[in-house]
Asker: 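Would you mind keeping the following structure in view while I ask a few things?
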Amino acid sequence: ITYSSEYFDKLYELAVMLIKKGLAYVCHQTKDEIEESRKNLTPSPWRDRPVEENLKIFEDMRRGLIDEGK
């Protein structure tokens with residue numbers, strides 16, 4: 001048995017790599033907002049946030065500076 005915590009550092013590195021390549025971003029939409037945007041085929045309003053801003057927010061999330069679900 002393995003646990004995700006055993007791979008957290010590797011998963012974090014991969015997420016950072018995707019953000020740097022512009023293939024991932026931090027999204028603040030609620031579940032309902034995501035469902036609505038999928039239904040209407042509209043992208044997340046956070047999709048075009050600058051890479052550096054995404055990296056800062058992602059690091060803040062890692063450090064526990066942003067409440068879960070925010």
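The structure presented is a predicted model; accordingly, all values stated were derived computationally and were not measured.
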Asker: When you group the ILVMFWY residues by side-chain heavy-atom contacts below 4.5 Å and let the links chain together, are Val26 and Tyr12 in the same group?
Answerer: yes
Asker: Between Trp46 and Gln29, which heavy-atom pair has the shortest distance, and what is it?
Answerer: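 Answer, listing the atom of Trp46 first, then Gln29: NE1-N, 3.9 Å.
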Asker: Between Ile34 and Ile66, is there shared hydrophobic-cluster membership here, with clusters defined by ILVMFWY side-chain heavy atoms closer than 4.5 Å?
Answerer: no
Asker: Ion pair present between Lys39 and Glu35, side-chain N to carboxylate O less than 4.0 angstrom?
Answerer: no
Asker: For residues Val51 and Ile57: do they belong to one hydrophobic cluster (side chain heavy atoms under 4.5 Å, members Ile, Leu, Val, Met, Phe, Trp, Tyr)?
Answerer: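 They do share one cluster, since a chain of ILVMFWY contacts under 4.5 Å joins Val51 to Ile57.
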Asker: Just by modelled atom types, is the Tyr25 backbone N or O under 3.5 Å from a matching donor or acceptor in the Arg49 side chain?
Answerer: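 Judged by distance alone, no pair lies under 3.5 Å.
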Asker: I need the Arg63 CZ to Phe58 CZ distance, nearest 0.5 Å.
Answerer: 13.5 Å
Asker: Would Asp32 and Glu36 count as a side chain to side chain contact (heavy atoms under 4.5 Å, CB included) here? Give the steps.
Answerer: CA-CA 6 Å; Asp32 291 339; Glu36 186 68 22; over 6 Å; no
Asker: So, do Glu59 and Leu55 sit near enough that their side-chain heavy atoms are less than 4.5 Å apart?
Answerer: no
Asker: Going from CG on Asn54 to CG on Asp48, what distance comes out if it is rounded to the nearest 0.5 angstrom?
Answerer: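 If we round to the nearest 0.5 Å, Asn54:CG and Asp48:CG are 10.0 Å apart.
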Asker: Any non-hydrogen side-chain atom of Met17 less than 4.5 Å from a side-chain atom of Lys20?
Answerer: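 Not in contact.
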Asker: What's the spacing between Glu53 CD and Ile19 CD1 if we round to 0.5 Å?
Answerer: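 CD1 of Ile19 is found 11.5 Å from CD of Glu53.
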